[in-house]
Protein chains: 2
Amino acid sequence: MAARKKASAPAGGPPRGRAAKSRAKTKAKTVDNEVTRRNQKFDALTVDLIRKTAGTVHREIRDEKKPDLAFPVRSLRNVSYSQKTGYFEMGRQKKVRTLTVNTVKSFAQTLRMMGLSKELVEGNDFATKRDAYYQSKNWEEARFDEQAESDTVMDDIEALFSVQGVSREQLRFIPDEHGGAVAGRLVVLDPDRETGEIERIDCTRFGSGAYSIPSSVEQLSFETDAKFILAIETGGIFQRLQSHKYWQTANCILVSMAGVPTRATRRFIRKLSDECRLPVYAFVDCDPYGISNIYRTLKVGSGNAAHLSQFFCVPQARYLGVTPQDILDYQLPTHPLVDVDIKRARDALKNDPFFKTHKPWQKAMDQLLKMGVRAEQQALAKWGLNYVIEEYLPRKLEQTAGFLP
Amino acid sequence: MAARKKASAPAGGPPRGRAAKSRAKTKAKTVDNEVTRRNQKFDALTVDLIRKTAGTVHREIRDEKKPDLAFPVRSLRNVSYSQKTGYFEMGRQKKVRTLTVNTVKSFAQTLRMMGLSKELVEGNDFATKRDAYYQSKNWEEARFDEQAESDTVMDDIEALFSVQGVSREQLRFIPDEHGGAVAGRLVVLDPDRETGEIERIDCTRFGSGAYSIPSSVEQLSFETDAKFILAIETGGIFQRLQSHKYWQTANCILVSMAGVPTRATRRFIRKLSDECRLPVYAFVDCDPYGISNIYRTLKVGSGNAAHLSQFFCVPQARYLGVTPQDILDYQLPTHPLVDVDIKRARDALKNDPFFKTHKPWQKAMDQLLKMGVRAEQQALAKWGLNYVIEEYLPRKLEQTAGFLP
């Protein structure tokens with residue numbers, strides 16, 4: 001793995017003190033193993049793609065032609081849902097940005113941003129959207145005035161490379177948001193950024209705490225004998241299952257999503273499920289938000305970010321509960337559906353390709369609307385705080401074939 | 001440690017399946033060590049306090065007197081800031097709830113809630129606010145109709161016992177929100193809920209991930225040779241310092257607050273700092289929100305929750321940066337202050353006892369208002385993505401005596 005390269009500093013020179021002199025750089029050490037080889041191969045591929053894209057532009061300029069870049073259109077109009085792949089897919093519509101007097105600045109910014117990505121991959125480093133914006137302050141005329149501009153350019157580049165199967169995280173642009181928490185029968189293998197040595201992180205050994213997923217998970221691999229992944233909406237239920245070591249009883253891996261799962265959390269579940277062939281069961285509140293926002297986003301992605309779905313959605317996820325039928329079967333305390341709930345459910349039934357494809361979901365949503373109520377997963381506490389562990393989950397897990405799709 | 005007691009199930013009886021029969025309870029095993037002894041002692045004290053409070057009520061009823069409970073008034077009017085203790089303190093005002101025909105329901109609910117707390121301590125379990133609300137569905141006439149009601153009763157009980165130095169977490173009512181992330185030179189000791197065996201969690205061994213703080217940290221203890229705790233506002237900076245193992249270079253512990261720190265995160269920092277005598281340095285954005293909300297809440301608590309300050313604030317915290325002066329010294333890219341920023345800064349100067357007490361903060365806030373701009377901690381990326389590691393932090397840490405109070 002390459003030794004750390006310093007990100008470029010501006011011409012004027014930043015304020016530097018004595019501190020810099022006293023630090024020696026750690027020498028990079030190659031560690032020969034499968035994880036490192038796989039990561040290096042992927043990095044080489046990414047750099048190669050950036051080079052090719054830039055090379056084409058360069059050649060056209062030398063041939064005195066007008067170079068252009070074609071980005072996939074990122075909008076709901078350009079999205080389709082295929083039951084076969086299991087997620088929202090981007091269509092073939094492209095927007096073409098040609099180098100002209102009017103586009104010269106954004107064209108230059110796009111190329112600089114690609115250059116930053118190449119530098120990051122080669123230096124084995126990363127940048128958040130905000131980091132990239134501030135880095136640009138040192139790009140002279142190509143600097144961004146607002147972060148919104150640099151975000152758009154980054155989204156375009158992400159869409160451009162996603163067509164070739166390269167994700168934003170592989171371009172080393174990482175989200176600023178935290179990841180979810182994980183506990184259970186899982187060892188995470190994480191190569192050290194500088195030495196490549198593998199850290200083995202045993203997720204059974206965190207007491208009442210948990211493993212916090214890093215912003216980027218591309219470099220991780222896994223060892224596990226668990227039978228499934230349980231993706232949980234609320235921190236409260238996660239803490240209960242973790243403190244009572246439910247993962248030991250049920251032989252599983254617990255992931256706390258804390259609401260709509262972040263990119264890192266979705267990618268982590270997807271990668272873990274793919275690589276270890278584990279089923280994913282979602283355990284969320286029974287309301288239109290839990291079903292059509294949290295669960296649907298986890299499973300098939302969201303409409304306006306379909307270029308991400310191939311990396312981030314978890315098409316193999318299934319819905320354990322809480323289901324509308326559970327409200328009746330377990331006599332759960334409920335709250336009435338409010339207007340925004342009803343609107344959200346009707347919208348899903350009418351416009352969302354996912355719900356339009358799956359009959360069982362249409363029936364479940366109709367049932368919820370007819371009942372006119374919603375129930376939280378913690379409502380099971382009515383029957384005792386640990387009823388969820390001792391009764392609800394074991395009973396549900398006897399009938400996984402009956403889970404909603 | 002007591003074996004797990006089942007939380008009571010309602011009279012009607014919940015739906016139970018075959019699953020329950022096949023599970024044997026793990027037998028509790030006493031582990032003789034200091035952590036367990038300390039926790040057991042504290043639990044015994046908590047149960048004793050609950051017993052005494054309930055005993056007084058019981059005695060008065062038997063003597064045919066009207067029993068009452070006196071709760072501290074939870075409001076800004078009943079708060080003072082002392083530089084000596086270093087946090088907002090609750091005053092002596094009390095509201096008295098006497099058992100009458102009108103108050104019988106809330107009086108009964110208060111006693112049931114105290115009973116639930118006693119059950120949780122004795123069973124070594126815990127409940128979130130939401131759990132407690134749903135548990136009450138099984139209290140017949142004492143059930144709560146809305147969670148807002150049960151939250152108020154819980155807050156009252158918390159205030160009542162805080163006067164005796166017992167926190168809500170010791171009453172086993174835990175927050176639903178996740179804790180922050182931790183990495184660095186720290187071993188967390190966490191006793192198993194059932195067996196009391198100690199799990200040793202080495203926070204240097206999380207690769208690019210981190211240790212996720214549990215909802216309640218009372219049972220934890222620590223081993224460390226670190227020199228300080230660095231409390232960081234953004235996930236992006238935390239991920240950078242963690243991935244580059246800054247904690248190794250600087251011999252410290254990194255904590256990601258992800259905005260205003262949660263209760264669990266603040267309590268974790270406080271406990272770690274107290275028990276290991278470590279200074280705490282805050283590293284946040286230079287804007288009125290970062291200073292007067294994030295930093296001030298971390299250090300002295302917040303006005304309307306002064307009964308929590310004794311447990312949750314970190315009076316030993318000091319402000320590393322980003323300071324208004326840093327904006328000049330490091331020529332940072334800025335954004336203009338907007339109206340809400342200006343209002344927040346003026347409010348702090350005029351009304352906040354913390355800022356009114358500390359002259360250096362008044363000067364710094366005045367400087368920020370005069371400059372009319374704010375800067376994010378990631379703005380340091382202008383000078384290179386790792387400038388924060390290689391230059392900014394080392395230079396600041398050479399002058400800790402100059403940190404804002």
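Protein chains get the first letters and strands the later ones, always in sequence-line order, with residue 1 at the start of each.
Ranked by non-hydrogen atom pairs under 4.5 Å with chain B, the options A/A132, A/G209, A/A183, A/A127 are led by A/G209. The candidate with the highest count of non-hydrogen atom pairs below 4.5 Å against chain A, out of B/G236, B/A210, B/G207, B/S243, is B/A210. Contact count versus chain B (heavy atoms, under 4.5 Å) is highest, among A/Y133, A/Y211, A/F126, for A/F126.
The shortest side-chain heavy-atom distance between B/I327 and B/C286 falls under the 4.5 Å cut-off. The shortest side-chain heavy-atom distance between A/N124 and A/E194 does not fall under the 4.5 Å cut-off. Looking at B/W247 and B/L186, their side chains never come closer than 4.5 Å, going by heavy atoms from C-beta outward.
At a 4.5 Å heavy-atom cutoff, the contact between A/R240 and chain B is made by backbone and side-chain atoms alike. When heavy atoms are compared at a cutoff of 4.5 Å, A/T128 approaches chain B solely by way of its side chain, counted from C-beta outward. Looking at A/Q219, the atoms closer than 4.5 Å to chain B (heavy atoms on both sides) all sit in the side chain, from C-beta outward. For A/I174, the part lying under 4.5 angstrom from a heavy atom of chain B is the side chain only. If you measure heavy-atom distances from A/Y387 to chain B, the contacts under 4.5 Å come from the side chain alone. With a 4.5 Å cut-off on non-hydrogen atoms, A/D329 touches chain B through its backbone but not through its side chain. Of the atoms belonging to B/Y392, not a single heavy atom falls under 4.5 Å from chain A. For chain B, no part of A/F238 is nearby; none of its heavy atoms comes within less than 4.5 Å. With a 4.5 Å cut-off on non-hydrogen atoms, A/L120 touches chain B through its side chain but not through its backbone.
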Quick one, B/Y330 with B/E391, criterion side-chain contact (heavy atoms from CB on, under 4.5 Å). Give me CA distance, side-chain angles, the key distance, then yes/no. CA-CA 10 Å; B/Y330 293 87; B/E391 289 293 331; 5.8 Å; no
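The main-chain N or O of A/W139 is never found under 3.5 Å from a side-chain atom of A/S136 such that the two would form a donor-acceptor pair.
For the side-chain hydrogen bond (donor to acceptor under 3.5 Å, both in side chains) test, no residue two or more places apart in sequence or in another chain qualifies with A/K129. Applying the ring-ring contact (aromatic ring centres under 6.0 Å, His included) criterion to A/Y134, with sequence neighbours excluded, gives no partner residue.
A salt bridge links B/R267 with B/E218: at least one charged nitrogen is closer than 4.0 Å to a carboxylate oxygen.
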